[in-house]
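Below, chains carry the letters A, B, ... as their sequence lines are ordered, and counting in each starts from 1. Just so it is clear, the model here is predicted, and its values are computed rather than measured.
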4 protein chains.
Amino acid sequence: MERTGRPRDPLIDDAVRDATVELLTQVGYARLTLEEVARRAGTTKPAIYRRWRTRQHLVLDALGRRLGTNTTRVPDSGCVICDLIGGITVFVTVFRRVPPGVLGALLTDCTGQPGLRTAFMRTLFEPARNAVGEMVDRAKARGDLRADLDRDLAVDLLGALVHYRALFAHASTDSESVTSAVMTLLRGMAARKLDHAH
Amino acid sequence: MERTGRPRDPLIDDAVRDATVELLTQVGYARLTLEEVARRAGTTKPAIYRRWRTRQHLVLDALGRRLGTNTTRVPDSGCVICDLIGGITVFVTVFRRVPPGVLGALLTDCTGQPGLRTAFMRTLFEPARNAVGEMVDRAKARGDLRADLDRDLAVDLLGALVHYRALFAHASTDSESVTSAVMTLLRGMAARKLDHAH
Amino acid sequence: MERTGRPRDPLIDDAVRDATVELLTQVGYARLTLEEVARRAGTTKPAIYRRWRTRQHLVLDALGRRLGTNTTRVPDSGCVICDLIGGITVFVTVFRRVPPGVLGALLTDCTGQPGLRTAFMRTLFEPARNAVGEMVDRAKARGDLRADLDRDLAVDLLGALVHYRALFAHASTDSESVTSAVMTLLRGMAARKLDHAH
Amino acid sequence: MERTGRPRDPLIDDAVRDATVELLTQVGYARLTLEEVARRAGTTKPAIYRRWRTRQHLVLDALGRRLGTNTTRVPDSGCVICDLIGGITVFVTVFRRVPPGVLGALLTDCTGQPGLRTAFMRTLFEPARNAVGEMVDRAKARGDLRADLDRDLAVDLLGALVHYRALFAHASTDSESVTSAVMTLLRGMAARKLDHAH
DNA sequence: TGCTAAGCGAGACGGTACGTCCCGTCTTAAT
DNA sequence: ATTAAGACGGGACGTACCGTCTCGCTTAGCA
């Protein structure tokens, strides 16, 4: 389909995305105003609204570009412990690349807008999970992880821990802490075989 | 310290807190305006600002009252599986009692305000963790959980899962899912004994 | 100069001016609030501030419109006494058309704002004076008034009296009082020729 | 009648009056806040309200003290021109002693409060008029002014001119201007005898 | 001399209105 | 036809100040 009329200036797209990320890191999501984004990008608000329907769409797009579209993968080390640590690292990397606190606020702002929520999940949630899921599959195939282990649950246990600690910052996500968590997840928390007959 | 000047009208305190919770459930955190809170509470903005320094302080206080100050406890069932499920339930309850999305947004808004962040942790984060932590201690004392299990890590693994699923809503936090997670945490994910010599 | 951007809604201009005059007559200048003006005009404060820099500018403009931009004139009756009474009437009319007390308060509020003061003079002060000044010129040309009479002084003597009595309301500005003043001004107060050698 | 209870601190009365006059000269009547008066006087608002019912009462009292309660008099020079100039000077002095613009604003604020208005007149309006009135009486007795000259009108013509020029500042009230006005008032404005048969 | 109560000082309150930031949209001129 | 840009109408903000209420203290007059 052909487009008519004046073509959109592609430089504005980038300038706005850059200004958005810059502002996010400087003042955070809550104090991000399109007025200031437009100012820093050297353009105006209508030009932004023409490209992104809402502030949420803009931030999501800007962050998505920053995270990169190149498929994330967990390197296959052959060692399940190393693989799991690698999996956690994938999650940690997401938080390293996104200004602190933005994820939670953005997610909240997506409440009630299904399309936006889907986009959020596809951009900031699923890529890392898919990479870790594949890693789990490989480890199961190798016989390193239980055959009856639920793939999604495994991914959740790893991802949740990172998310939780990154969000509340009550505990570290560094290598040592992460290794400790991995060992516990592998060995289990139980002291002996247990039944649950209730 | 002396108390002087006209005393604050305690009815306003309650009316504002109630109006805040009501608005949070109706329009969410992002669209909560102090103007509307004041209107519904039958008072004015200055009266609110006199009591709570910021919107965040107000919301935190209102939610804290709603969660109750009565100490949360995990009932001691004697069965470690039941106890762990009970522990998870404590976390789930927090989310059930707080309007959806508020926790994340509020936490984000606390960024950069140490005092506020501390208050947030004390009100909405630590009570549930302490209750679960005590449960873990009991199970360890009974010999149901590994003696070398790190208490905070155990609490994290339970709490993180709930938080993660409640936030992203990609998986359930119902009884069945929770039991499955508990069993995996107890038994561990590994198919056999593993070494990590890297 | 180019005109760009969304044009101002002229209906708002009129609605605000009308609401201003209405409020002035009902509650006076001191209790005039832009909040109430906006409410009655069915608009908001920013829309008002966009049009008038301050409350003073608004009131001045609203009154100016009400007084009319049509040039005031003193009818040429051929009789100097009638002309002078007509001149005084012009001054009286200004006070009749402006809510009581507004002139003084507005003038006071213009203190220290040269631009505003100038606008005040141009709108509420000079038109009547010019009209009376022309009348004085005509009477002098006819030989009814002294050839050496200072035009501005003559205007002052008439205008001051009206202003003084309107403001303090200690004496009337009705036809009889005014005639009496005119006769005194024409004849002079002295009982006989006087010298001043001090 | 005897008073019981703790006596009022007389130092506060003076401190508040002084602070009021100070503020009036610095920021004018419109920006005079009791909050700031109290601050500068080293006291509090209730202490002020206990002494003066309203801001107007306070300002009026403070100005009244400043003008002095000593009866104003126009010196009897024997020369009617000098006397009239002296009369005008009495009016001018009032404005010299009162911060500019305060008179008009205060008068406006007295609208609708009969008691306050009366106090205003007694304090700031009548003393000067009485002094000039006496001067007119003397000049009439001497045969310097017309026997049929209305005393109040004569006072008005002098007072109005000063008030008018002081308020609008469009003309001077210095000695030369004043002499010119006095000569015109004495001689009259008419070029010849005039009849008014309309 | 000690007691009582009226009135005082001071501080904080409940509330009105302020002037401003920012939102999301509309209009014009240019491409 | 569609863009870039400027200004608009309007919602909500956080604050200055108003006039008042409450408290604890001071002081005069009575016991």
*Check against salt bridge (Lys or Arg N to Asp or Glu O under 4.0 Å), A:R17 and A:D61*: CA-CA 8 Å; A:R17 270 190 285 258; A:D61 182 38; 2.6 Å; yes
*Could you give me the CA-CA distance, side-chain angles and deciding distance for A:L116 and A:D109, then say whether side chain to side chain contact (heavy atoms under 4.5 Å, CB included) is met?*
CA-CA 9 Å; A:L116 192 56; A:D109 268 14; over 6 Å; no
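The stretch residues 6-17 of chain B touches DNA chain F through B:R6, B:P7, each having a heavy atom under 4.0 angstrom from the strand. Listed by residue number, there are no residues of residues 105-117 of chain A with a heavy-atom contact under 4.0 Å to DNA chain E. A heavy atom lying under 4.0 Å from DNA chain F marks the following residues of residues 43-58 of chain C, by number: C:T43, C:T44, C:P46, C:R50, C:R51.
When rounded to the nearest whole Å, the span between CD of B:E35 and C1' of E:dA17 equals 12 Å. Rounded to a whole Å, the CG atom of D:L32 is 18 Å from the P atom of F:dA16. Between the CZ atom of C:R40 and the P atom of E:dA17 there is a distance of 12 Å, given to the nearest Å. Computed from coordinates, the A:R31 CZ to F:dC13 C1' distance equals 13 Å when rounded to whole Å. D:R39 has its CZ atom 12 Å from the P atom of E:dG11, to the nearest Å.
In the model, C:E35 has no side-chain atom that pairs as donor or acceptor with a side-chain atom of C:T33 under 3.5 Å. Donor-acceptor pairing under 3.5 Å is lacking for the side chains of C:R117 and C:Q56. No donor-acceptor contact under 3.5 angstrom links the side chains of D:R53 and D:Q113, judged on distance only.
In this structure, the side chain of B:T43 does not engage the main chain of B:R39 through any donor-acceptor pair within 3.5 Å. In this structure, D:T108 contributes its side chain and C:G101 its backbone to a donor-acceptor pair below 3.5 Å.
In this structure, D:L167 and C:L167 have side chains that are in contact, with non-hydrogen atoms separated by less than 4.5 Å.
Residues B:F120 and B:F125 keep their aromatic ring centres 6.0 Å or farther apart.
Judged by the 6.0 Å and 45° rule, B:R55 forms a cation-pi pair with B:Y29.
With B:L63 as the fixed residue, the side-chain contact (heavy atoms from CB on, under 4.5 Å) test singles out one of B:L24, B:T20, B:T123: B:L24.
Take the nearest nucleotide of DNA chain E for B:G5 and for C:T33: the residue whose nucleotide is more 5' is B:G5.
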